[in-house]
There are 2 protein chains.
Amino acid sequence: MARASQTEIAVLGGLSIQPMTGYALREAIREVLGHFWSESYGQIYPTLANLEQQGFVRRQDAAQARGSTFAITPAGIRHLEELLAQPVQATPPRNGLLLRLYFGRHLGPAACRTLVQAMLTEAQDALERYARIRAEVEGQDSGDRDYWLLTVSAGEHSARAAQAWAHEALSTLTELDDMAGT
Amino acid sequence: MARASQTEIAVLGGLSIQPMTGYALREAIREVLGHFWSESYGQIYPTLANLEQQGFVRRQDAAQARGSTFAITPAGIRHLEELLAQPVQATPPRNGLLLRLYFGRHLGPAACRTLVQAMLTEAQDALERYARIRAEVEGQDSGDRDYWLLTVSAGEHSARAAQAWAHEALSTLTELDDMAGT
DNA sequence: GTCATCATGTAAACCGTTACATGATTGT
DNA sequence: ACAATCATGTAACGGTTTACATGATGAC
């Protein structure tokens, strides 16, 4: 069942926007897709080599000063379209915060509050990042724009939900703490 | 950096609620923690063997009819508390839906709508499941009750956010489709 | 009697990160 | 000159799933 690694989507997709070195690709994935995707060098370089061998990407500028810039080929575009059309493979959920909270009785309300508080701060940082990204994306005029905004909006909805839940959880935990104290 | 596997938390935590066989443990994790955690047999059995060797769990009822029921020991409880106190290790994000949507221009609005629609259905199913779980948990009187409700609430917030975003995304994608049609 | 479920375990494969090695280029 | 960054790769490790093998028990 040759499960096409989703890494190929990220790599080909990135190169479909503009040619890049492997290093730049990783930076782009970290900075632009960072809130819903990640790749490490250990994935990117072998994948690039693999894609090159299959003719889906090629190195351009033979006399490169530093590194080699990879560009997607027409066959690569077609391959990307095929990969995108494959059903989203659901990754089994693993939320370390909720796992700890579920067994929170062993941890105590105060320690739980600390965990939730940290998560709340993260959600707020995320919202600020999204605001910056949104402003940047809205300012440009590309065929990708509306799709990119869709992913920003997903992040915003999710972060606001996390924020609302965290506030609720903090007050519940405070109550639990007060009851234990009396 | 002996990264304590979070599987131990799930296993010890499960046994802290009641003694169980490995099989029952897996079922419990699937059914009860299913919306934020998962474990496979390949993890559970070796972990149980390992925990037994360290004296954190023991097999009870020597003359068992089927399988052996594992119970957590006092040392196991202490170990669980230590594990719970360890910082939540953030897993790198990997959202296959958003990855596809980001490169949605290559996929087209109609195919994107199908993906979002599938996700919307999932969110609605999830909300129904949460309603059932909530009713069940609210009906009981355990020291764990409020912690469990916290995790249910997290699921509800997240599912409602997904729902709201999906509706928004569907109308955006419909507009994109109409513009392409004219 | 036979089918579904309960139960235990293992081996192989996969996916992915981390850490390391190496060196060129640029800025100061 | 030196540090920071750009750049490419690989090896080792670790966690996790999947598939398989095996068999007991209970329901019908």
Side-chain angles (χ1 to χ4, degrees), chain A residues 1-11 14-15 19-31 33-34 36-53 57 59-70 83 86 89-96 99, chain B residues 1-11 14-15 19-31 33-34 36-53 57 59-70 83 86 89-96 99:
Chain A
M1 218 179 281
R3 57 172 73 272
S5 166
Q6 306 200 101
T7 296
E8 290 198 359
I9 299 184
V11 168
L15 295 181
M20 273 179 272
T21 64
Y23 182 88
L25 200 45
R26 205 253 171 150
E27 287 302 289
I29 289 171
R30 225 165 46 87
E31 280 166 25
L33 314 187
F36 59 84
W37 204 258
S38 78
E39 294 292 348
S40 60
Y41 290 130
Q43 293 278 98
I44 286 177
Y45 285 112
T47 299
L48 274 173
N50 193 29
L51 288 171
E52 188 184 23
Q53 216 181 346
V57 306
R59 288 169 210 257
Q60 58 186 30
D61 56 57
Q64 64 276 24
R66 29 191 344 184
S68 37
T69 304
F70 289 89
L83 292 176
Q86 286 185 1
Q89 52 202 90
T91 49
R94 265 166 166 250
N95 185 322
L99 182 66
Chain B
M1 215 177 280
R3 57 172 71 274
S5 166
Q6 307 199 97
T7 295
E8 290 197 359
I9 299 184
V11 167
L15 295 181
M20 271 179 272
T21 64
Y23 182 87
L25 199 46
R26 205 252 171 149
E27 287 302 289
I29 290 171
R30 224 164 47 87
E31 281 165 25
L33 314 187
F36 60 83
W37 203 258
S38 79
E39 293 292 349
S40 60
Y41 290 130
Q43 293 279 98
I44 287 178
Y45 285 112
T47 300
L48 275 173
N50 193 29
L51 289 171
E52 188 183 22
Q53 217 181 348
V57 306
R59 289 170 210 255
Q60 58 186 31
D61 55 56
Q64 65 276 23
R66 27 190 348 178
S68 35
T69 303
F70 289 89
L83 292 176
Q86 286 184 1
Q89 51 201 90
T91 50
R94 267 170 164 245
N95 184 323
L99 181 66

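Throughout, protein chains are lettered first and strands after them, A, B, ... in sequence-line order, and every chain is numbered starting at 1. Computed from heavy atoms alone, side chains included, the values below leave out hydrogens, waters and symmetry copies.
- Interatomic distance, B/Thr7 OG1 to B/Leu83 CG, rounded to the nearest 0.5 Å: 11.0 Å.
- Within the structure, the salt bridge (charged side-chain N to carboxylate O under 4.0 Å, His left out) test picks out the following pairs touching residues 39-53 of chain A (sequence neighbours left out): A/Glu39-B/Arg94, A/Glu52-A/Arg59.
- D/dT16 atom P lies 17 Å from atom CD of A/Gln89, rounded to whole Å.
- In this structure, A/Glu8 places its CD atom 15 Å from C1' of C/dG16, rounding to the nearest Å.
- Of all the residues in residues 36-49 of chain A, A/Ser38, A/Ser40, A/Gly42, A/Gln43 reach under 4.0 Å from DNA chain C with at least one non-hydrogen atom.
- For residues 19-28 of chain A, the pairs satisfying side-chain hydrogen bond (donor to acceptor under 3.5 Å, both in side chains) are A/Glu27-A/Arg30, with sequence neighbours left out.
- The nearest pair of heavy atoms linking B/Gly34 to A/Pro93 is O-CG, 3.4 Å.
- In this structure, the CZ atom of A/Arg30 is 18 Å from the P atom of C/dG16, given to the nearest Å.
- A sub-4.0 Å separation between OP1 or OP2 of D/dG15 and a side-chain N or O of B/Thr91 is absent.
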What does the list of N/O pairs under 3.5 Å between the protein and nucleotides 2-6 of chain C look like, with a distance for each?
| residue | atom | partner | partner atom | Å |
| --- | --- | --- | --- | --- |
| C/dC6 | OP2 | B/Tyr23 | OH | 2.8 |
| C/dC6 | O4' | B/Arg66 | NH2 | 3.1 |

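- In this structure, A/Leu51 atom CG and D/dT8 atom P are separated by 15 Å, rounded to whole Å.
- Across A/Trp37 and B/Gly96, no two heavy atoms sit closer than the pair CZ3-N, 3.9 Å.
- The nearest whole Å value for the distance from the CG atom in A/Asn50 to the C1' atom in D/dT10 is 16 Å.
- B/Gly14 and B/Met20 get closest at one heavy-atom pair: O-CE, 3.3 Å.
- Across all their heavy atoms, B/Ser38 and B/Ile29 have their closest contact at CA-CG2, 4.1 Å.
- The CD-P distance, from A/Gln6 to C/dT17, rounds to 12 Å in whole Å.
- Here the closest heavy-atom approach between residue B/Gly22 and residue B/Ile44 is recorded as O-CG2, 4.0 Å.
- Atom P of nucleotide D/dT8 and atom CE of A/Met20 are separated by 12 Å, given to the nearest angstrom.
- Under 4.0 angstrom from either OP1 or OP2 of D/dG15 there lies no side-chain N or O belonging to B/Thr7.
- The distance between atom CG of B/Leu25 and atom P of C/dG9, rounded to the nearest whole Å, is 13 Å.
- For the OP1/OP2 pair of D/dG14 and a distance below 4.0 Å, the side-chain nitrogens and oxygens of B/Ser5 include no atom meeting the criterion.
- Contact annotation for A/Arg26: no contact, since no heavy-atom pair falls under 4.0 Å across all strands.
- Within the structure, every side-chain polar atom (N or O) of A/Arg94 is placed at least 4.0 Å from both OP1 and OP2 of D/dG15.
- Here the side chains of A/Asn50 and A/Glu8 are in contact, with some heavy-atom distance below 4.5 Å.
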